[in-house]
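Note on naming: letters A, B, ... go to the chains in the order of the sequence lines (proteins, then strands), and numbering restarts at 1 for each one.
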Number of protein chains: 2
Amino acid sequence: MPTSPDDSTEVRIQKAAKTIFTRKGLAGARMQDIADEAGINKALLHYYYRSKQKLFEMIFEEKLIELFTNLQVILESDLPFDEKIKSFIEKESDLLSEFPSLPIFVLSEAWQNPDYVERLLQTLPIKLIREKFKKLHKEAADGDITHEIPFHQFMINMMSMIIYPIVARPLIMPLFGLDEKDFANLMEQRKSIISKILLENKPKDM
Amino acid sequence: MPTSPDDSTEVRIQKAAKTIFTRKGLAGARMQDIADEAGINKALLHYYYRSKQKLFEMIFEEKLIELFTNLQVILESDLPFDEKIKSFIEKESDLLSEFPSLPIFVLSEAWQNPDYVERLLQTLPIKLIREKFKKLHKEAADGDITHEIPFHQFMINMMSMIIYPIVARPLIMPLFGLDEKDFANLMEQRKSIISKILLENKPKDM
DNA sequence: GTCTATAGGCGGATAGAC
DNA sequence: GTCTATCCGCCTATAGAC
């Protein structure tokens with residue numbers, strides 16, 4: 001999402017704020033950085049968004065939703081259980097390859113202000129998601145599967161194996177001596193590995 | 001590691017800096033916070049450590065090492081492969097239950113300054129660790145096992161399933177509607193689940 | 001070694017011209 | 001709507017007394 005001179009000022013501010021906040025976090029970001037990135041003056045930021053905090057919250061809420069969008073889409077789909085899982089792994093991996101800083105941004109800010117995030121999550125369609133989780137869970141338990149793992153643990157395994165390597169990339173690359181291309185290959189290769197492991201260890205009734 | 005009035009000033013500063021930096025990060029931490037936490041004056045911080053940056057780097061390096069200590073200990077042990085894995089899962093899970101903010105701290109700062117972290121990792125006994133990885137890998141490949149997964153992927157799976165749930169705790173707890181105790185139980189229950197999954201999906205020759 | 005006081009600069013926010 | 005100029009508080013760092 002590159003900042004384009006064709007965009008309206010408001011859109012340019014939003015794009016710039018996304019870039020700077022996701023890169024530096026709330027505490028590390030400077031209003032001047034955002035203004036520079038947007039190609040406007042600092043004062044104009046305050047004209048559109050009263051404070052740094054307000055601007056940040058708009059961005060954060062959008063990014064938090066972004067992180068769960070694929071999950072919601074998959075939960076709503078009509079695919080059979082195994083296909084739901086495969087499809088989610090595929091889509092989420094691709095999203096994170098394109099925006100690798102998304103999860104570390106959301107997670108660090110979540111640690112900085114867990115109460116705010118908890119309140120936010122409650123305003124999102126979290127009950128709806130829970131309902132769909134239940135449905136998903138029922139599908140898994142009804143199918144011809146091994147029923148081995150509590151449902152929460154299954155979800156945590158899935159999210160962990162998809163998201164963590166991206167979050168830990170700055171450690172993994174030097175530790176394993178990988179360059180960008182090696183790492184991208186590793187991530188691509190993971191898709192089928194994660195799928196295999198998850199479908200061998202499906203949820204059972206809680 | 002509570003700050004005790006019995007400690008020397010230097011130790012009090014170190015403990016306080018760990019507390020504040022791991023909680024707020026480099027950009028979010030204030031020298032005044034650290035001074036207050038240590039029960040001393042701000043100026044004294046600069047007497048012991050010339051700058052905020054120096055103080056931070058001392059803490060960060062220690063925390064980075066802490067995150068890999070268990071791995072190193074296990075790699076050096078004489079246990080058979082399966083026992084090495086089980087023992088690591090146990091020890092690392094316990095460490096993270098005691099210091100849950102450790103990984104998010106290291107990871108967010110690693111994203112803030114990947115070049116610094118890469119240089120740091122190179123000064124650590126990283127080659128030694130690589131050697132031991134190879135040894136571990138050889139053990140796995142020699143044993144009576146399924147040889148299914150590339151070694152790097154195996155290591156990433158292990159680290160992901162142990163560390164990610166702790167990192168994502170501020171999202172997982174509200175999403176699943178868990179309190180502290182529920183979450184602790186979930187983590188305890190994970191130990192055997194992770195162990196089972198990993199030992200069913202061991203590394204093969206690369 | 002430890003303190004008080006303060007320098008010096010940065011950064012968020014606002015006033016006011018255009 | 002957009003800019004320049006500026007205010008003011010905060011924060012790192014240092015000077016200097018004890």
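A straight line from CZ of Arg12(B) to P of dT2(C) spans 8 Å, rounded to a whole angstrom. Here the P atom of nucleotide dT12(D) and the CZ atom of Phe56(B) are 13 Å apart, to the nearest Å. To the nearest angstrom, C1' of dC10(D) lies 16 Å from CE of Met31(A). Whole-Å rounding puts the Leu55(B) CG to dC11(D) C1' distance at 15 Å. Following rounding to the nearest Å, Leu45(A) (CG) and dG11(C) (P) show an atom-to-atom distance of 14 Å. If you measure from atom CD of Gln53(B) to atom P of dT12(D), you get 12 Å, rounded to the nearest angstrom. Following rounding to the nearest Å, Ile13(B) (CD1) and dG1(C) (C1') show an atom-to-atom distance of 10 Å. Taking atom CG of residue Leu44(B) and atom P of nucleotide dC18(D), one finds them 18 Å apart after rounding to whole Å.
Evaluation of atom-type donor-acceptor distances gives no pair under 3.5 Å for the side chain of Lys52(A) against the base of dG11(C).
Toward the 5' end of DNA chain C, the nearer of the two residues Lys42(B) and Gln32(A), judged by each one's closest nucleotide, is Lys42(B). When each of Arg30(A) and Asn41(A) is assigned the nucleotide of DNA chain C bearing its nearest heavy atom, the one mapping closer to the 5' terminus is Arg30(A).
When only modelled atom types and interatomic distance are considered, Gln153(A) and Asn157(A) share no side-chain donor-acceptor pair under 3.5 Å.
Using a cut-off of 4.0 Å between Lys/Arg side-chain N and Asp/Glu carboxylate O, Lys135(A) and Glu139(A) are scored as salt-bridged. A salt bridge between Lys202(A) and Asp82(A) is present, with a side-chain N of the basic residue lying under 4.0 Å from a carboxylate O of the acidic one.
At dT12(D), none of the side-chain N or O atoms of Ser51(B) fall inside 4.0 Å of OP1 or OP2 (strictly under the cut-off). Considering only side-chain N and O atoms, Tyr47(A) lies nowhere under 4.0 angstrom from the phosphate OP1 or OP2 of dT14(C). Here His46(A) does not reach the OP1 or OP2 of dT14(C): none of its side-chain N or O atoms lies under 4.0 Å away.
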Exercise for review: Please lay out, stage by stage, how Met158(A) and Glu92(A) fare under the test side chain to side chain contact (heavy atoms under 4.5 Å, CB included).
Suggested key: CA-CA 11 Å; Met158(A) 181 171 76; Glu92(A) 192 73 0; over 6 Å; no

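Among the protein residues, Ala35(B) comes within range of no part of the nucleic acid, since none of its heavy atoms lies under 4.0 Å from any strand. Residue Ala27(A) is out of contact with every strand shown, counting any heavy-atom pair closer than 4.0 Å.
Enclosure of atom NZ in Lys54(A) is not indicated, since only 12 or fewer non-hydrogen atoms of other residues, nucleotides or ligands lie within 6.0 angstrom.
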